[in-house]
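Reading through the structure tokens given below for one structure.
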Protein chains: 2
Amino acid sequence: MNDAGVIRVLLADDEHLIRGALAALLSLEDDLLVVAEAASGPEALAMARAHRPDVAVLDLQMPGRDGVGVAAALRSELPDCRTMIVTSHGKPGHLKRALEAGARGFVPKTASAQQLAEIIRAVHGGSRYVDPDLAADAISAGDSPLTARETELLDLAADGASVAEIARRAALSPGTVRNYLSAAAAKLHAENRHAAVRRARERGWL
Amino acid sequence: MNDAGVIRVLLADDEHLIRGALAALLSLEDDLLVVAEAASGPEALAMARAHRPDVAVLDLQMPGRDGVGVAAALRSELPDCRTMIVTSHGKPGHLKRALEAGARGFVPKTASAQQLAEIIRAVHGGSRYVDPDLAADAISAGDSPLTARETELLDLAADGASVAEIARRAALSPGTVRNYLSAAAAKLHAENRHAAVRRARERGWL
DNA sequence: CCGTCGCGATGACATTTGTCATCGGGGCTG
DNA sequence: CAGCCCCGATGACAAATGTCATCGCGACGG
């Protein structure tokens, strides 16, 4: 704990340009100190262990381990470290997963740096912050109606593979695969599995 | 023309956080001056007309009109304004389209701010810059083997619509649609149209 | 202990999709 | 002008996919 009023921040984003720029901007705030930067999930974890930041600002999409995964790991490893997620593509399902992983902030990159700084302070203080638009979307979208297997098979179908290929990869009967995909498509009100994949992706259920 | 050695820069990116951070970072360079910012394609054009920047730094993905479209418009409207594209997802086809639109720089966001500043200077000086990795990918990927209609139909197929739906939207016979999609899939060495869509997307041909 | 639900499978059937051959028209080029 | 390629279409056939009914198994809750 740093009682001097300075908030020690870890910045993780695979885009060097954004990470550096963000670091520079946050450094302009007197009470924020960027103590570490990382370009991947694993690196973010290592940096967190080494520098013990007060707040970890994590990009959702990173190589190795995504922001949510890092948040989950940090919660158990460094419970004192607050985590928050920053992302370009704010999908309802992502928000839900992030909150379940213990993230206390969820901010789209369309926010301003001023807002980000404020939210870092709020999160450090123990509050939570979720982008209002995203929250509304998440509530209206609700939970995924898909079962675990349905989701898994839909994911395997995502790259356009044939039923036979999916069945092979999932070690299931082709008929079973068709049944599950059919059920998933019906639940998502999609006309076929490909449209179902799109629907699920849009909502972050995949 | 600004002979005082100061390069007037227009920054366009829909992500407020990144745009602001980038602006702050570039402002640290003595010879760079961010004279305008925009959050969408049309806004970028309007700002360019109003402020006549020396260099326009455009994000590839923006609402309204993407970076390539803005670059094309700027080339005819403000020939003295150099344009460059910055992007997260660098796909071969995008690079090609950007160069055809008159862009003189193509930089992935994994570059550092220092590099970006250098490239802005280079582009302003009349040089071109293309990320080496991306250039290699673009060369190895080559041009799209698809004809105009094939590309168009593949695009219509992208959201998982049925052949009948695609035929309706394209005002074509269903049989014709199947023929084109089949041809496109064959050219892309894909097993079906959905996999073909993925392949084309990966290469930026869509 | 019984109903419900998810998982996994099979069989049958209709529909959709992929593939191929073939046709005609138009435009470009050597 | 002949050859080539793209566009658009049709017909026929094979393969993949979607849909439905039905079965057995195990888990979980009232």
Side-chain angles (χ1 to χ4, degrees), chain A residues 93 96-97 100 141-206, chain B residues 93 96-97 100 141-206:
Chain A
K96 188 163 184 293
R97 282 195 303 130
E100 282 167 359
D143 280 7
S144 169
L146 305 176
T147 68
R149 282 293 173 283
E150 282 163 1
T151 304
E152 184 188 334
L153 292 187
L154 212 51
D155 190 42
L156 287 174
D159 56 357
S162 66
V163 169
E165 175 68 11
I166 298 171
R168 207 184 49 74
R169 284 202 259 176
L172 285 179
S173 155
T176 304
V177 170
R178 281 190 288 166
N179 285 340
Y180 279 164
L181 292 179
S182 181
K187 286 180 181 175
L188 266 46
H189 308 108
E191 296 205 341
N192 56 46
R193 58 205 166 100
H194 306 288
V197 166
R198 290 195 75 76
R199 278 250 161 80
R201 279 250 163 88
E202 280 170 13
R203 290 171 173 72
W205 290 340
L206 195 147
Chain B
K96 187 162 186 292
R97 282 194 304 129
E100 281 166 0
D143 280 7
S144 169
L146 305 176
T147 68
R149 281 293 174 283
E150 282 163 1
T151 304
E152 184 188 335
L153 291 187
L154 211 52
D155 189 43
L156 287 174
D159 56 356
S162 67
V163 169
E165 175 68 11
I166 298 171
R168 207 183 50 73
R169 283 201 259 175
L172 286 180
S173 155
T176 303
V177 170
R178 280 191 287 165
N179 285 340
Y180 279 168
L181 292 179
S182 181
K187 287 180 181 176
L188 266 45
H189 308 108
E191 297 205 341
N192 55 48
R193 59 208 166 99
H194 306 287
V197 167
R198 289 194 74 77
R199 280 251 162 80
R201 278 250 164 87
E202 279 169 13
R203 291 173 172 72
W205 289 340
L206 194 146

Return a single string for nucleotides 3-22 of chain D, one symbol per nucleotide in 5' to 3' order, where B is base contact, S is sugar-phosphate-only contact and - is none, cutoff 4.0 angstrom on heavy atoms.
---SBBBB------BBBBB-
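- Not a single donor-acceptor pair under 3.5 Å links the side chain of B:Arg203 to the backbone N or O of B:Ser144.
- With contacts defined as side-chain heavy-atom distances shorter than 4.5 Å, the pair A:Leu153/A:Arg193 does not qualify.
- Using a 4.5 Å heavy-atom cutoff, the side chains of A:Leu156 and A:Val177 are not in contact.
- Rounding to whole angstrom units, CG of residue A:Leu153 and C1' of C:dG8 are separated by 11 Å.
- A 6.0 Å sphere centred on CD of A:Glu202 holds more than 12 heavy atoms belonging to other residues, nucleotides or ligands.
- At distances below 3.5 Å, not a single donor-acceptor pair connects side-chain atoms of A:Glu165 with backbone N or O atoms of A:Ser162.
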